[in-house]
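First up is the structure itself, then whatever we jot down about it.
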Amino acid sequence: MPSDIRVRIAPSPTGPLHIGTARTALFNYLFARHAGGTFLLRLEDTDVARSTAAFEKDILDGLHWLGITWDEGPGVAGLEEAGPFAPYRQMQRLELYAAAADVLLAKDLAYRCYCTPEELEAERRAREAAKLPPAYSGRCANLTADERAAREADGRRGAIRFRVRPGVVGWNDLVRGRVEIDTANLGGDFVIVRADGTPLYHFTVVVDDAAMQISHVIRGEDHVSNTPKHILLFEALGHPMPVFGHLPLILNPDGTKMSKRKSQTAVADYIAQGFTREALVNYFAFLGWSPGTEDDVLAMDEIAGRFELEKVQKGGARFDRERLEWLNGQWIRRLADDDLVARLLPFTEAAALAGVVDRAPGEAELTALLPLVRERLSTLASITDVVGFLWRDLAPDPATLVPKRWDPATTIGGLTAAREALAAHDPVTWEADELEPPLRALVGARGWKAGDLFMAIRMAVTGQAATPPLFDVLVALGRERVLARIDAAVAALRAAG
RNA sequence: GCCCCCAUCGUCUAGAGGCCUAGGACGCCGCCCUUUCAAGGCGGAGAUCACCGGUUCGAAUCCGGUUGGGGGUACCA
């Protein structure tokens, strides 16, 4: 299904992969996939002061991990940079911007501005004091050749400003319909190339989108007010206009634009906490979009098949971590055994390394545990909350060892009797089905409630009130440890009291 | 301040004039299952569709205004 549709994500490596970037990338990817178009990635690294190789790697790896892969763009995970419009890093495309700037300068669509930052700052303050919107005055807009020469002789190189023409600029936004903005509100002629010669975002984005033949510019709503500047630049450069679409923003729980301050914004943190790519993709897609049916657990390809920009919401969506966790649980329950084990392993190993548990389980051990943990995991990392007691020593706490309806003496009696019954049990049939009847019989004989005895044993052998089914736990622990832990619990109870 | 955008349960949303006494999901509450915790099943509370006017036989859906919220206002991206 060949298509001329070409979309892109253009992250800036000035921070780790942000949820908002991932979501915008996903929507572009879905749009391309749905239409059989091309999705490309371009690094906007012209903010040299803040860009780093580490952030770049985090972004590329993160998107790749999520399954948001590009048809053209920088290399990742051992792959080479690929695509007919390489390079895909703006700092390697400097000649293009310089050439484009020369064209604008030659046509007098742009001019050199020699104002210093201090002068600009003073101007801004003056306008603010006069209660005027901040805007460049255009002081250098009509310098004569002599005046320019004089300034250059002073050693000033000058930034390049684009002449903003008067009038109204409008476009038919794919998600919000007709939008029109008077260029008088753009803040005057804006800088497209810094005095040091490096180009600025508004300029590079247009030069590159044109060069890379981007057909649809799909980005966050925070770019709506930038779009007129871009349209003006496309016009000035004589390039065909792409279609624009502005996505609603992801918001903090309080409704403001998502920020590090109020939310966890780094995708890497979600990965580290054990969220699956399936859940993250599923959740991001449903923030601002819905298939229009009552499905809510959908995989990437199902989403791509149904994705339409026409169905995206106009208003921003608050980030709801509880819903994400629910979705994550849904996806964890859907994973195949070997897949789940492979994804769990790094988390148990990390827990061991961090000292959360004393040792990490092997693949076979984890596989055997799957039936006990699978439906109890909201994140992969929560595996140690569920069965961490299997991999670490316990320190019996007399205060929590006694079930609600029991007293210490009864508990000691219960545990002792249970220990006897378990010790008498044939070690070769140490299985859940085999272990339960004798303990039930004990309960009947003593007139206890099954729940109380079981809770006493549970606390003694796991140290937790919430665990997978007790008899499965006894099997997982093994006879020796069960008996030893009960002994330790009884001893602690006696010592306490 | 100025410009732009948005507005359905607490949250994510369905809804594109009559099918809506507004549907689903998360969360919450209850019941069932049950040795605990989950998972699952069932049920419940929860939205006068921000408000006010209009258009229409009929409006959550169209129009206008108000209010509220958000975004932008750099030699950042």
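We name chains A, B, ... by the order of the sequence lines, and we start the count at 1 in each one. This one's a predicted model, so the numbers in the text were calculated from it and none came from an experiment.
Closest heavy-atom contact between A:W331 and A:T276: CB-OG1, 3.8 Å.
Residue A:R194 has a polar side-chain atom (N or O) positioned under 4.0 Å from OP1 or OP2 of B:A77. Distances shown here put a side-chain N or O of A:S290 below 4.0 Å from the OP1 or OP2 atom of B:A14. Distances shown here put every side-chain N or O of A:R333 at or beyond 4.0 Å from the OP1 or OP2 atom of B:A38. For B:A14, the OP1/OP2 oxygens have a side-chain nitrogen or oxygen of A:Q313 closer than 4.0 Å.
Toward the 5′ end of RNA chain B lies the nearest nucleotide of A:P469, the other residue of the pair A:E44 and A:P469 mapping further downstream. Judged by closest nucleotide on RNA chain B, A:A317 is the one of A:A317 and A:D45 placed further toward the 5' end.
Straight-line distance between the C1' atoms of B:C49 and B:U21: roughly 14 Å, to the nearest whole Å. Rounded to a whole angstrom, the distance from the C1' atom of B:A60 to that of B:G23 is 13 Å. B:A22 and B:U13 are spaced 13 Å apart, taking the C1' atom of each and rounding to whole Å. Nucleotides B:G40 and B:G46 have their C1' atoms positioned 24 Å apart, rounded to a whole Å. Across B:C6 and B:C62, the matching P atoms stand 12 Å from one another, rounded to whole Å. For the P atoms, the distance from B:C5 to B:G44 is 42 Å, rounded to whole Å. Using atom C1' as the reference point in both B:A14 and B:G70, the two lie 23 Å apart (nearest Å). Spacing of P atoms, B:G68 relative to B:C32, comes out at 49 Å, to the nearest Å.
Summarising the geometry, the separation between CZ on A:R376 and P on B:U35 is reported as 14 Å, rounded to the nearest angstrom. Following rounding to the nearest Å, A:R124 (CZ) and B:A74 (C1') show an atom-to-atom distance of 6 Å. Rounded to whole Å, the distance from CD on A:E221 to C1' on B:C3 is 13 Å. Straight-line distance from the CZ atom of A:F286 to the P atom of B:U11: 19 Å, rounded to whole Å. A:D222 has its CG atom 15 Å from the C1' atom of B:A74, to the nearest Å. Between the P atom of B:G27 and the CG atom of A:L324 lies a distance of 12 Å, rounded to the nearest Å. Straight-line distance from the CG atom of A:L309 to the P atom of B:A16: 20 Å, rounded to whole Å. The distance between atom NZ of A:K257 and atom C1' of B:C6, rounded to the nearest whole Å, is 16 Å.
Figure legend. B:C49 is base-paired to no nucleotide; pairs are counted as Watson-Crick or G-U wobble with both atom distances under 3.5 Å. Using the Watson-Crick or G-U wobble rule with both distances under 3.5 Å, B:C62 pairs with B:G54.
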Identify the pairs formed between an N or O of the protein and an N or O of nucleotides 44-49 of chain B at a distance under 3.5 Å, and give each distance.
none

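Comment: A:R42 engages A:E44 in a salt bridge, judged by a side-chain N to carboxylate O separation of less than 4.0 angstrom. At a threshold of 4.0 Å, the pair A:E325-A:R321 counts as salt-bridged, since one of the basic side-chain nitrogens sits closer than that to a carboxylate oxygen. A salt bridge does not link A:R125 to A:E123: none of the charged nitrogens lies less than 4.0 Å from a carboxylate oxygen.
Taking the ring centre of A:F190 as origin, the terminal cationic atom of A:R161 falls outside the region bounded by 6.0 Å and 45° from the ring axis. A cation-pi geometry, defined here as NZ or CZ lying under 6.0 Å from the six-membered ring centre and within 45° of its normal, does not hold between A:R343 and A:F347.
No donor-acceptor contact under 3.5 Å links the side chain of A:R440 to the base of B:U35. In the interface, the side chain of A:R50 is not paired with the base of B:A77 through any donor and acceptor atom under 3.5 Å apart.
Where stacking is scored as ring centres under 5.5 Å apart with planes under 30°, A:H202 does not register as stacked on the base of B:A74.
Residue contacts for A:E180: at a heavy-atom cut-off of 4.0 Å it reaches the sugar-phosphate backbone alone, with no base atom in range. Contact annotation for A:H223: base contact, defined as any heavy-atom pair under 4.0 Å involving a base atom. Contact annotation for A:N226: base contact, defined as any heavy-atom pair under 4.0 Å involving a base atom. Using a 4.0 Å heavy-atom cutoff across all strands shown, A:T46 reaches sugar-phosphate atoms only and no base atom. At the heavy-atom level, A:R318 lies under 4.0 Å from the strands shown only through sugar-phosphate atoms. Note on A:L470: a base of the nucleic acid sits closer than 4.0 angstrom, heavy atoms only. Across all strands shown, A:F190 has no heavy atoms under 4.0 Å from either base or sugar-phosphate atoms. Residue A:L249 is classed as a sugar-phosphate contact, given heavy-atom separations below 4.0 Å to backbone atoms only. Looking at heavy-atom distances under 4.0 Å, A:P253 makes no contact with the nucleic acid at all. Note on A:K311: only backbone sugar-phosphate atoms sit closer than 4.0 angstrom, heavy atoms only; bases stay farther off. A:G288 comes within 4.0 angstrom of sugar-phosphate atoms only, judged by non-hydrogen atoms across all strands, and of no base.
Shown here are the side-chain hydrogen bond (donor to acceptor under 3.5 Å, both in side chains) partners of A:R50, two or more places apart in sequence or in another chain: A:D47.
When ring centroids are compared, A:H230 and A:Y201 come within the 6.0 Å threshold.
Aromatic ring pairs are classed by plane angle as parallel below 30°, tilted from 30° to 60° and perpendicular above 60°; the pair A:F307 and A:W289 is tilted.
Side chains of A:Q464 and A:T462: no donor on one and acceptor on the other come within 3.5 Å.
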